[in-house]
Q: 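Sharing a structure here in structure tokens format.
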Amino acid sequence: MNSATASDWQSDKSAQIFHTVNEVYGLSIDPQSKKREDLIEEVEDLLKKYIQEGDRQAIFLLGQLYFEESRYEEAFLKFAKVKDTDLQALYQLSVMYYDGLGIKADCKKAVEYMSRISTTASLKTEHLKYAALYNLGRAYFEGFGVKQSDEEAERLWLLAADDGNPKASIKAQTALGLFYCRPDTLDLKKAFFWHSEACGNGSLESQGALGVMYLYGYGIHQDTQAAFECLKEASERGNVYAQGHLVTHYYNKKLYSRAAELAKRMSKYENIAETARVTDCRIDYIRKGLAIALFYYARCLQLGLGATQNSKEAQYYYSKAALLDPDVVADLQTEVNHGIL
């Protein structure tokens, strides 16, 4: 494990466990004067001590610490010990079975555990209920462990979204916004409603989607100023799909230098999976955002708009965009052919 500063520790997911341990056990361990690995070791030793004294909550907390440290085999053993009395442990086991973390993926067991959590009546674990309902909806949408069903996915996501409740599943609210943008389940007014709710509750992905809806008048009257504000803020927060459409906005406004500059920065993105993890945005939309940006960058290079003309480099970025999302590039090329772009 690499050394890290106190600030690194504060931004790390494992820090949540550290703060919880401090709160639960009335401790005051100061992370400012210790390296990350020393803190991990200290918290691990403390939790083991509490476990020996019969504290079952410490079993979950140690499992969660192992989980955040990607020590999945050890995490699984801890969660399994308390899964019948601790819904948090049961939820984490379901996640591990769903994604095959430290154990062989088992979609049926993942769905079984999530189903158990979704029926909880405890206000203390209500947040887990919403999360479980979202994941069950995802399972039905993808046909993972159950028969694929758009209807059941929609029903479960509506329950998880709880009419926009900020304490419910914000992921379900965003999922509904995207669900109602699909050709098979198209309802742009509903899509706009759910993206608005999710955005208001902090969803970065829905903020970008709202910008696009305002930009083209999908489900709402067209408003380029509102679109720009949404896209700019979402872009600054790391939404790649929003960044791609912000490039489009700049290009259409003939702000070619801005379009080329932003697109060029985006061309440096390499690890799409890591970007998806950090921003909590879907990989397919990240790919779409990058494809849009690279196509417009290639256009700028081809025509010498906001960038030095370079036909060879333009062709490189056209090809790269097509590899990322051929459908997006086909649509943009059609606009070029018809003189729209």
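When reading the values below, keep in mind they use all heavy atoms of this one structure, side chains included, and skip hydrogens, waters and symmetry mates. Positions are given from 1, in the same order as the sequence printed here.
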Q: Got a sec, which pairs hit ring pair (Phe, Tyr, Trp, His ring centres under 6.0 Å) with one end in residues 195-215, sequence neighbours left out?
A: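 Checked against ring pair (Phe, Tyr, Trp, His ring centres under 6.0 Å) - neighbours excluded - the pairs reaching residues 195-215 are Phe192-Tyr214.
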Q: Within a strict 4.5 Å, meaning less than it, do heavy atoms of the Gln92 and Gln64 side chains meet?
A: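 Heavy-atom side-chain distance check passes, below 4.5 Å.
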Q: For a 4.5 angstrom cut-off between non-hydrogen side-chain atoms, does Val95 reach Asp99?
A: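 Touching, per the 4.5 Å side-chain cut-off.
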Q: Would a 4.5 Å heavy-atom cut-off, applied to side chains only, mark Arg265 and Leu262 as touching?
A: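 Yes; the side chains approach each other to less than 4.5 Å.
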Q: I'd like to check Glu126 versus Thr120 (side-chain heavy atoms, cut-off strictly below 4.5 Å). Are they in contact?
A: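 No; the side chains remain at least 4.5 Å from each other.
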Q: Taking atom CD of Glu41 as the centre, report whether more than 12 heavy atoms of other residues, nucleotides or ligands fall under 6.0 Å from it.
A: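 No, CD of Glu41 has 12 or fewer neighbouring heavy atoms, counting only those of other groups under 6.0 Å.
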Q: Is the count of non-hydrogen atoms from other residues, nucleotides or ligands lying under 6.0 Å from Glu270 atom CD greater than 12?
A: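 No - once you tally the heavy atoms of other residues, nucleotides and ligands closer than 6.0 Å, there are 12 at most.
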Q: Can you check whether Phe60 and Phe79 have ring centres sitting under 6.0 Å from each other?
A: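 Yes, they do, as the ring centres are separated by less than 6.0 Å.
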Q: When you look at CZ of Arg258, are more than 12 heavy atoms from neighbouring residues, nucleotides or ligands closer to it than 6.0 Å?
A: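 No, the 6.0 Å shell around CZ holds no more than 12 heavy atoms from other groups.
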Q: Taking Met114 as the fixed residue, which of Asn135, Leu133, Leu156 is the one that meets the side-chain contact (heavy atoms from CB on, under 4.5 Å) rule?
A: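 That would be Asn135.
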Q: Could you check whether any side-chain N or O of Thr248 sits under 3.5 Å from a backbone N or O of Gly244, counting only pairs where one atom can act as donor and the other as acceptor?
A: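 Present.
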Q: Please confirm whether Phe67 and Tyr72 have ring centers closer than 6.0 angstrom.
A: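 Yes; Tyr72 has its ring centre under 6.0 Å from that of Phe67.
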Q: With the side chain counted from C-beta on, respond yes when Asp55 and Tyr25 share a heavy-atom pair under 4.5 Å apart, and no when they do not.
A: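 Side chain of Asp55 against side chain of Tyr25, heavy atoms only: contact under 4.5 Å found.
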Q: How about Tyr256 and Tyr251: do any of their side-chain heavy atoms sit closer than 4.5 Å?
A: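 In contact.
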Q: Other members of the hydrophobic cluster containing Leu158, with the 4.5 Å side-chain heavy-atom rule, please.
A: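 Grouped by the 4.5 Å side-chain rule, Tyr134, Phe141, Trp157, Leu176, Phe179, Tyr180, Phe193, Trp194 form the rest of the cluster around Leu158.
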Q: Does Glu23 have more than 12 heavy atoms from other residues, nucleotides or ligands lying within 6.0 Å of its CD?
A: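 Counting other residues, nucleotides and ligands, CD of Glu23 stays at 12 neighbours or fewer.
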Q: Treating Ile, Leu, Val, Met, Phe, Trp and Tyr as nodes and any side-chain heavy-atom pair under 4.5 angstrom as an edge, say whether Leu305 and Leu301 lie in one connected cluster.
A: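 In one cluster with Leu305: Leu301, yes.
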Q: Nearest heavy-atom pair of Ala260 and Gly306: which atoms, and what distance?
A: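 The pair with the smallest heavy-atom distance is CB-O, 3.6 Å.
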Q: Do Ile220 and Leu231 sit in one hydrophobic cluster, given that two such residues count as connected whenever their side-chain heavy atoms are within less than 4.5 Å of each other, even indirectly?
A: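 Linked, Ile220 and Leu231 end up in one cluster.
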Q: Judged by modelled atom types alone, do Tyr318 and Gln302 share a side-chain donor-acceptor pair under 3.5 Å?
A: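 Tyr318 vs Gln302: donor-acceptor pair found between side chains.
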Q: Any sub-3.5 Å donor-acceptor pair from Asn239's side-chain atoms to Leu204's backbone N or O?
A: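 The answer is yes, because a donor-acceptor pair under 3.5 Å joins these two groups.
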Q: When hydrophobic residues are tied together by side-chain contacts of less than 4.5 Å, even through go-betweens, does Tyr130 share a cluster with Tyr113?
A: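 Different clusters.
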Q: Donor-acceptor pair, Arg56 side chain versus Lys81 backbone, under 3.5 Å?
A: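 Yes.
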Q: Hydrogens and angles aside, do Asn201 and Glu197 bring a side-chain donor and acceptor to less than 3.5 Å of each other?
A: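 The criterion, which ignores hydrogens and geometry beyond distance, is not satisfied for Glu197 and Asn201.
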Q: One pair to check against salt bridge (charged side-chain N to carboxylate O under 4.0 Å, His left out): Lys232 and Glu236. What are the steps and the verdict?
A: CA-CA 6 Å; Lys232 189 171 186 298; Glu236 290 171 351; 2.6 Å; yes
Q: Could you tell me which residues satisfy ring-ring contact (aromatic ring centres under 6.0 Å, His included) with Tyr250, sequence neighbours excluded, listed by chain and number?
A: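 So Tyr250 forms no ring-ring contact (aromatic ring centres under 6.0 Å, His included) with any residue.
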Q: List the steps, then state whether salt bridge (charged side-chain N to carboxylate O under 4.0 Å, His left out) holds for Asp327 with Lys288.
A: CA-CA 9 Å; Asp327 292 335; Lys288 287 179 187 298; 5.9 Å; no
Q: Without swapping roles, check the side chain of Arg287 against the backbone of Leu324 for a donor-acceptor pair under 3.5 Å.
A: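 Answer holds: yes.
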Q: Have Tyr269 and Gln243 got a donor and an acceptor in their side chains that come within less than 3.5 Å?
A: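 Present: a donor and an acceptor within the cut-off.
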